[in-house]
Protein chains: 2
Amino acid sequence: MTTEHAGSGNVHRSMELLWDLCERPSRGPKPGLTLETIVTAAVEIADAEGLEALSMRRVATHLGVGTMSLYRYIPGKSELLDLMLDHVLEMPDGVPDMSHLGWREFLERTAREQWQLCMSHPWYPFVDQARPLLGPNGLETVEYVFRHLRPMGLSDQEMAVVITSLSNFVESTARVYINEKQAEERTGISNDEFWAAQAPALDEAMKSGQFPVMADLAGDTWGFTSETVFEFGLQRFLDGLESFLARRSSADHEH
Amino acid sequence: MTTEHAGSGNVHRSMELLWDLCERPSRGPKPGLTLETIVTAAVEIADAEGLEALSMRRVATHLGVGTMSLYRYIPGKSELLDLMLDHVLEMPDGVPDMSHLGWREFLERTAREQWQLCMSHPWYPFVDQARPLLGPNGLETVEYVFRHLRPMGLSDQEMAVVITSLSNFVESTARVYINEKQAEERTGISNDEFWAAQAPALDEAMKSGQFPVMADLAGDTWGFTSETVFEFGLQRFLDGLESFLARRSSADHEH
DNA sequence: CCCATTTTGCGTACAACGCACGCAATAAAT
DNA sequence: ATTTATTGCGTGCGTTGTACGCAAAATGGG
């Protein structure tokens, strides 16, 4: 129905699971599942069918177990989501060495990596992470970003604001891109059919004389994709950041 | 559960309702509701309780009618959403005259208006508008934005990309802001309690030596809100746009 | 070796969701 | 007066997360 929220469940319990702080009990039947198996299955289902298709029943069916068996390993769906979010940040090849890059190239690289993360896991940008849980992968990611931005000369808070601004833009544009791509599959109506369905009413509106600028717009006005928006917005933001740093630098030299 | 999508229902029917293209039938009992009443009620409920609380049953209860009575006026919930989205774009005081503003002041003003729209209707930035239906209010908004940006000298498509880039950033930052504000109410846990719950695991991680930069971050690194991010990102984008136009202008003079 | 305890597996049942179906009442057209 | 069309709306469908509680498996202690 609406947004899934990170950090909505039992935060303490989620952290225990994220950082693997629980000891295996010695009694009872040997478990047939692992937490890793459940999280991996959940990510696969979300990747393939979308977050709205992800249900405890769906994960259980995928794994060939009863729905309530999952609740032996995790308190609930909220905590499963927390684990999924950290899981997808894992860097299989380890942390790449980018110490040779300037801040601009590094931020551009980071933005593209985030974009790729959203392409690989199209549900990811739709999760509310206002209250993020910091697992090992998430912490590693933030560590590596801050390490590479240190040479910019910004305060820690300024760096955090830069990262958050850029991250917000990338995530939003990725969301629109994903929504655009999935709209045809989800509705069964092509993009052309969609706009054709609006044409009768819009033609009348254009003829009314109330919207002269709209009526006069070039045919290719909307003929771009979110990838165009991503590239344009990214370069404008980085250009603006260069101006900001240049002004900061010349102000420093004045003292 | 997940995102609500504009343009998901019967597009043709939504357009008829948006542009009021249906004639009132002459037979049968006089209707006790109007489309306007239903849409206004739905917007009020979404404003007060969030989009996840918006259901046909909820709207019907609010209006004191049976759930299925609503289906006499609109095909379904998807079309109701389309009407809501156009409804909230209505400018009560008409289109403001901003012909005296330069493009930068105008874009800044537009960004702030969009921010305010998201504050007044906190559910708005959470709706997928990859397939927007253009109603009278929506069309009027786009008409007025393009009219004021014409003097920038950009192509129609370039203007559209600028507007979309900025709009994506504002919406995304507004989402985070709204999620941040609502998190405490939604979970019953304050922000301090939330971070305190993570502290034991994070303290261990800091002690491990694996995250030296994170361990060394200033205490106020994350002590900012989405309003800070909004202001910073907005100015950087507009600065970047100025550079873009300056380069465009100097390239033009070279020919 | 036996019993108690703990853990794993998982079925049942709960309320709310959107909306197809179809009936009763209202009101205009013939 | 009858027919036709519209409005109002109850019923019933499958899906959702998870509390509750029982059966089976496996270990610890006596």
Side-chain angles (χ1 to χ4, degrees), chain A residues 1-5 8-10 13-14 17 22-38 41-42 45-46 49-84 186-187, chain B residues 1-5 8-10 13-14 16-17 22-35 37-38 41-42 45-46 49-84 186-187:
Chain A
M1 173 54 180
T2 182
T3 309
E4 288 282 2
H5 308 276
S8 285
N10 183 333
R13 189 78 181 103
S14 283
L17 296 171
C22 318
E23 283 183 19
R24 155 105 174 96
S26 58
R27 296 197 192 201
K30 287 177 173 38
L33 290 167
T34 64
L35 191 59
E36 180 68 14
T37 304
I38 294 170
I45 292 167
E49 304 169 35
L51 206 55
E52 64 284 350
L54 183 74
S55 65
M56 301 303 273
R57 286 181 173 82
R58 185 69 188 81
V59 176
T61 301
H62 182 94
L63 293 169
V65 300
T67 304
M68 300 318 297
S69 300
L70 302 180
Y71 290 86
R72 291 294 175 189
Y73 298 81
I74 50 181
K77 195 184 178 190
S78 291
E79 291 82 5
L80 175 59
L81 181 68
D82 290 334
L83 293 161
M84 289 168 69
R186 184 170 45 74
T187 62
Chain B
M1 170 57 180
T2 182
T3 309
E4 287 282 2
H5 307 274
S8 285
N10 185 330
R13 189 79 180 101
S14 283
E16 282 185 339
L17 296 171
C22 320
E23 284 185 17
R24 154 107 174 92
S26 56
R27 295 195 192 201
K30 289 177 170 41
L33 290 167
T34 64
L35 192 58
T37 304
I38 295 171
I45 292 168
E49 304 168 34
L51 206 55
E52 65 284 349
L54 184 74
S55 67
M56 302 303 273
R57 290 172 211 221
R58 186 70 189 81
V59 176
T61 302
H62 183 94
L63 293 169
V65 301
T67 305
M68 299 318 296
S69 298
L70 301 181
Y71 290 87
R72 291 293 175 190
Y73 298 81
I74 49 179
K77 194 183 177 190
S78 291
E79 292 82 4
L80 175 58
L81 181 69
D82 290 335
L83 293 162
M84 287 168 69
R186 186 171 41 76
T187 62

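Just so we're on the same page: letters track the sequence lines, and every chain starts at 1. Quick note: numbers below take in every heavy atom, side chains included, and nothing from hydrogens, waters or symmetry partners.
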Side-chain N or O of [X] closer than 4.0 Å to phosphate OP1/OP2 of [N]:
X	N	value
Ser26(A)	dG28(D)	yes
Lys77(B)	dC17(C)	no
Ser69(B)	dT7(D)	no
Thr67(B)	dC9(D)	no

With Leu35(B) as reference, evaluate Leu70(B), Leu80(B), Ile74(B) under the side-chain contact (heavy atoms from CB on, under 4.5 Å) test and give the passing residue.
->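 The passing option is Ile74(B).
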Criterion side-chain contact (heavy atoms from CB on, under 4.5 Å) against Ser14(A), the qualifying member of Leu81(A), Leu83(A), Asp82(A) |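 Among the candidates, only Asp82(A) passes.
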Whole angstrom value for the distance that separates [atom2] of [N] from [atom1] of [X]:
X	N	atom1	atom2	answer
Arg57(A)	dG9(C)	CZ	P	19 Å
Arg24(A)	dT8(C)	CZ	P	6 Å
Leu35(B)	dT7(D)	CG	P	12 Å
Met68(A)	dA23(D)	CE	C1'	16 Å
Lys30(B)	dA5(D)	NZ	P	18 Å
Arg58(A)	dT16(D)	CZ	P	10 Å
Ile74(A)	dT7(C)	CD1	C1'	17 Å
Leu54(B)	dA16(C)	CG	P	16 Å

Considering non-hydrogen atoms only, spot the tightest contact between Leu17(A) and Tyr73(A) and give its length.
->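 Taking Leu17(A) first and Tyr73(A) second, the nearest heavy atoms are CD2-O, 3.9 Å.
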What's the closest nucleotide to the side chain of [X] if the choices are [options]?
X	options	value
Arg72(A)	dG17(D), dT7(D), dT8(C)	dT8(C)
Tyr73(B)	dT18(D), dA28(C), dG8(D)	dG8(D)
Arg27(A)	dG9(C), dA29(C), dT6(C)	dT6(C)
Tyr71(A)	dT18(D), dC19(C), dT6(D)	dT18(D)

Given side-chain contact (heavy atoms from CB on, under 4.5 Å), test Ser78(A) with Arg13(A) step by step and report yes or no.
-> CA-CA 11 Å; Ser78(A) 291; Arg13(A) 189 78 181 103; over 6 Å; no
Glu49(A) and Arg58(A): side-chain contact (heavy atoms from CB on, under 4.5 Å), yes or no, with the steps?
-> CA-CA 11 Å; Glu49(A) 304 169 35; Arg58(A) 185 69 188 81; 2.6 Å; yes
Between Gly28(B) and Met56(B), who's closer to the 5' end of DNA chain C by nearest nucleotide?
->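 First, find each residue's nearest nucleotide; the 5'-ward one identifies Met56(B).
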